[in-house]
Amino acid sequence: MVLEDPQPPFLNGLEWSQDNGTSWQTWTAAISLGTLLPGEARVILLRGTVSASAPQSISNTVTITSATPDPDPSNNSSTETIPVELSAD
């Protein structure tokens with residue numbers, strides 16, 4: 001299985017973790033998850049810096065692909081929209 005997530009506009013320096021944030025790797029827009037058993041879940045954390053010119057919300061879409069046929073491809077993509085809170089240091 002491959003997780004694909006093109007870098008959303010207004011996010012810079014993206015990194016990802018699959019060990020609950022213990023270690024981080026540079027995001028490359030896609031990562032191989034290997035084989036997942038039926039019903040198995042993986043948590044992938046993604047972090048980055050929001051650009052000062054970002055709008056009030058940022059949408060991000062992730063897609064999962066696999067060489068194994070999927071009887072329900074309608075659940076292979078998800079989009080989240082998160083609010084951006086402006087603050088100064």
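Residue indices begin at 1 and follow the sequence shown.
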Whether over 12 other heavy atoms sit under 6.0 Å from D19 CG: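 Buried by this count: over 12 neighbours within 6.0 Å.
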For E40, salt bridge (charged side-chain N to carboxylate O under 4.0 Å, His left out) partners two or more places apart: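 Result, salt bridge (charged side-chain N to carboxylate O under 4.0 Å, His left out) vs E40: R42.
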Nearest-0.5 Å distance that lies between atom CG in L36 and atom CD1 in I64: 8.0 Å
Value rounded to 0.5 Å, distance of CD1 in I44 from CD in Q18: 4.5 Å
Do you know the tightest heavy-atom contact between [X] and [Y]?
{"X": "T28", "Y": "A30", "value": "OG1-O, 3.0 Å"}
{"X": "F10", "Y": "S53", "value": "CE2-O, 3.5 Å"}
{"X": "G48", "Y": "L14", "value": "CA-CD2, 3.8 Å"}

With the side chain counted from C-beta on, respond yes when [X] and [Y] share a heavy-atom pair under 4.5 Å apart, and no when they do not.
{"X": "L3", "Y": "T65", "answer": "no"}
{"X": "V2", "Y": "L33", "answer": "no"}
{"X": "W16", "Y": "Q25", "answer": "yes"}
{"X": "L11", "Y": "I58", "answer": "yes"}
{"X": "T61", "Y": "S77", "answer": "yes"}

Residue pairs passing the side chain to side chain donor-acceptor pair (under 3.5 Å) test where at least one lies in residues 1-13, sequence neighbours excluded: D5-N60
S17 side chain vs S23 backbone, donor-acceptor pair below 3.5 Å: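 It does hold such a pair.
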Test side chain to side chain donor-acceptor pair (under 3.5 Å) applied to S57 and T81, step by step: CA-CA 6 Å; S57 64; T81 300; 5.9 Å; no
Under 4.5 Å side-chain linkage, directly or through intermediates, the cluster mates of L45: W24, V43
